[in-house]
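The shown structure was predicted, so the numbers you read here are calculated from the model rather than taken from an experiment. Count residues from 1 along the sequence. Excluded from the calculations below are hydrogen atoms, water molecules and symmetry mates; all remaining heavy atoms, backbone and side chain alike, are included. Remember, it's 1-based here, ligands and their atoms both numbered in the order they're listed.
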Amino acid sequence: MDSVGQISKKSRMICVPIMGESVEQILNAMHQAKSLGADAVEIRLDCIDKLQFEPKRDLKLLIGNKPLPVVVVYRPIWEGGLYKGDEEARLQALFLAKDLGADYIELELKIASDFMKEYKLSQHSGSKIIVSCCVDNLRTLQEDPTHLVAKLQSSGADIIKFVLGAVNITDIAKVFDLYSHCQVPLIAYGTGERGLISQFLSFKYGGIFAYGSIEGNAIPGLPTVDSLRKVYKIENINANTQVFGLISKPVSHSKGPLLHNPTLRHMGYNGIYIPMFVDDLKDFFSVYSSADFLGFSVGIPYKEAVIDFCDEVHPLARSIGAVNTIIRRRNDGKLVGYNTDSEAAISAIEDALKAQGCTKGETLLHEKLFVLVGAGGAGRALAFGAKTKGARVVVFDIDFDRAKSLADAVSGKAFRFEDLVSFEPEKGAILSNATPLGMHPNMDRIPVPKESLKDYELVFDAVYTPRKTRLLKEAEAAGAIIVSGVEMFLRQAAAQFNLFTGLKAPEEFMRGIILEKF
Ligand SMILES: O=C1C[C@@](O)(C(=O)O)C[C@@H](O)[C@@H]1O
């Protein structure tokens with residue numbers, strides 16, 4: 001906001017919605033939001049216990065003691081809120097909030113014009129008026145969202161707000177489109193996990209608010225303020241920021257954003273790396289086809305299926321049958337798929353062998369028995385990598401056919417998962433886990449019986465949360481060299497960074513982040 005109280009499209013704020021049930025809770029949360037780096041808070045009066053709420057007394061307390069600019073919302077049940085009482089009393093409370101000096105009051109589109117007439121409110125006088133509209137599902141909406149935006153604008157609002165229940169991440173592209181149809185400052189976002197990207201990218205498209213929560217998962221679809229400030233640093237985002245993202249389902253477990261975002265900044269690259277909850281690859285690639293979306297990591301369960309959506313696939317990725325990295329080639333916009341998992345895992349294993357004094361030069365895995373558990377995307381990358389280095393590969397998977405087809409592809413042998421218990425590896429064998437067993441939160445799981453671990457020279461676990469899985473702890477106790485999935489994660493991400501940006505990834509910097517944050 002400038003000195004005459006106009007809101008410029010450039011004034012951008014991180015706002016925390018507060019849904020406390022008592023005035024005391026709200027006051028505490030406002031202070032917490034401030035200490036975490038929020039610029040504004042949104043108080044939901046309809047969440048306060050209605051038996052305790054006394055508008056005059058409580059609004060005085062709340063507005064009189066606000067540590068940050070405050071948006072007052074009193075959401076009625078007919079717009080998805082909790083307020084069920086008398087409409088006149090609700091509107092009077094909002095007017096009172098304005099009188100008491102609330103920085104913003106929010107009015108629902110249905111009542112905004114009448115309210116402003118009745119209370120003789122005009123733009124640019126005292127509190128700013130936000131006029132909002134919440135839509136559950138684009139598919140059942142009777143009109144085009146741009147019409148709604150036009151209606152919101154003609155209400156005379158200082159700021160307009162469009163909130164959408166995001167059913168698919170592709171809905172959010174429609175939300176981004178609204179910015180180009182809007183002459184007044186706009187707040188637009190999608191709710192839920194599929195709407196998350198609308199908060200990260202709000203400032204790219206010209207939004208004036210991005211919402212964050214105080215604690216993780218408190219409000220589905222909201223990142224924490226702390227992460228918006230420290231991981232994503234969204235205050236730096238602008239129209240030219242290039243977008244990289246992880247396509248996955250689920251996606252929230254990934255530590256990719258913790259690693260890629262600081263690295264992009266460290267290299268002075270104007271980019272952001274965000275989690276993208278994708279339900280349907282075809283829809284996703286047809287909607288997010290602009291040059292702004294420059295590269296993607298691919299996670300579970302899409303590493304194999306995504307091949308069909310690449311215009312070109314690197315031969316290694318093609319033979320593995322799994323792509324974990326896609327770039328939109330800058331000169332022709334084509335999607336090119338790569339696999340950075342394979343080299344990452346195999347080089348991590350070889351370096352660990354070298355560090356322990358095994359010196360067979362380039363051919364450390366040559367002729368070694370490579371026992372692989374799990375024949376999914378990660379398993380395929382490991383099997384092909386090991387085979388390329390001359391190892392003899394054996395594959396276990398709960399789906400025997402899957403094990404067999406991978407084993408055949410690398411001239412190896414497949415075994416039934418049940419036989420893992422009695423399998424006796426030769427001395428010096430390498431064990432690799434490429435199943436999710438042992439991953440947070442099921443950290444007590446182990447893919448092989450611990451008694452069998454003594455025979456392995458080295459044990460690798462592709463799981464990277466936790467850093468030292470139960471499998472690795474037991475293997476270490478049995479005397480094996482251990483290699484954590486964190487090492488593979490780091491290396492695949494560094495190779496991805498090279499492909500995404502065309503720059504040489506600062507590996508030592510990235511390693512420092514891993515040591516500090518993982
Ligand atoms: O397997 C992984 C992990 C990952 O999916 C993630 O969760 O960040 C990112 C992928 O690039 C990588 O191949």
- [ ] Would you kindly specify which portion of Phe296 sits under 4.0 Å from ligand 1, judged on non-hydrogen atoms: side chain, backbone, both or neither?
- [x] neither
Open item on the list: Using a 4.0 Å heavy-atom cut-off, which part of Asp341 comes near ligand 1: side chain, backbone, both, or neither?
Closed with: side chain
Does either side chain, that of [X] or that of [Y], offer a donor lying less than 3.5 Å from an acceptor on the other one?
{"X": "Asn270", "Y": "Asn240", "result": "no"}
{"X": "Asn238", "Y": "Thr241", "result": "yes"}
{"X": "Tyr269", "Y": "Gln242", "result": "yes"}

Open item on the list: Any heavy atom of Val298 closer to ligand 1 than 4.0 angstrom?
Closed with: yes
TODO: Please work out whether the ring planes of Tyr211 and Tyr189 are parallel, tilted or perpendicular, with thresholds of 30° and 60°.
DONE: tilted
[atom]: nearest protein contact (heavy atom, Å):
{"atom": "atom 2 (C) of ligand 1", "result": "Lys303 NZ, 3.5 Å"}
{"atom": "atom 5 (O) of ligand 1", "result": "Gly299 CA, 3.3 Å"}
{"atom": "atom 9 (C) of ligand 1", "result": "Leu246 CD1, 3.9 Å"}
{"atom": "atom 3 (C) of ligand 1", "result": "Phe489 CE1, 4.0 Å"}
{"atom": "atom 6 (C) of ligand 1", "result": "Ser254 OG, 3.4 Å"}

Within ligand 1, which atoms have a heavy atom of [X] less than 4.0 Å away?
{"X": "Tyr464", "value": "6 (C), 7 (O), 8 (O)"}
{"X": "His253", "value": "7 (O)"}
{"X": "Gln496", "value": "11 (O)"}

- [ ] Measure from NZ or CZ of Lys255 to the centre of the six-membered ring of Phe518, then state whether that distance is under 6.0 Å and the direction lies within 45° of the axis.
- [x] yes
TODO: Check whether any N or O atom of Tyr273, backbone or side chain, sits under 3.5 Å from an N or O atom of ligand 1, and answer yes or no.
DONE: no
Open item on the list: What I want to know is whether Asn324 and ligand 1 share at least one N or O pair that is separated by under 3.5 angstrom.
Closed with: yes
Open item on the list: Could you check, using the six-membered ring where one of them is a Trp, whether Phe293 and Tyr288 have ring centers closer than 6.0 angstrom?
Closed with: yes
Task: Any donor-acceptor N/O pair, Thr325 side chain to Ser297 backbone, under 3.5 Å - done: no
TODO: Give me the one residue out of Glu487, Glu474, Glu476 that meets salt bridge (charged side-chain N to carboxylate O under 4.0 Å, His left out) with Lys468.
DONE: Glu476
- [ ] Give a yes or no on whether a salt bridge exists between Asp341 and Arg491, defined as a side-chain N under 4.0 angstrom from a carboxylate O.
- [x] no
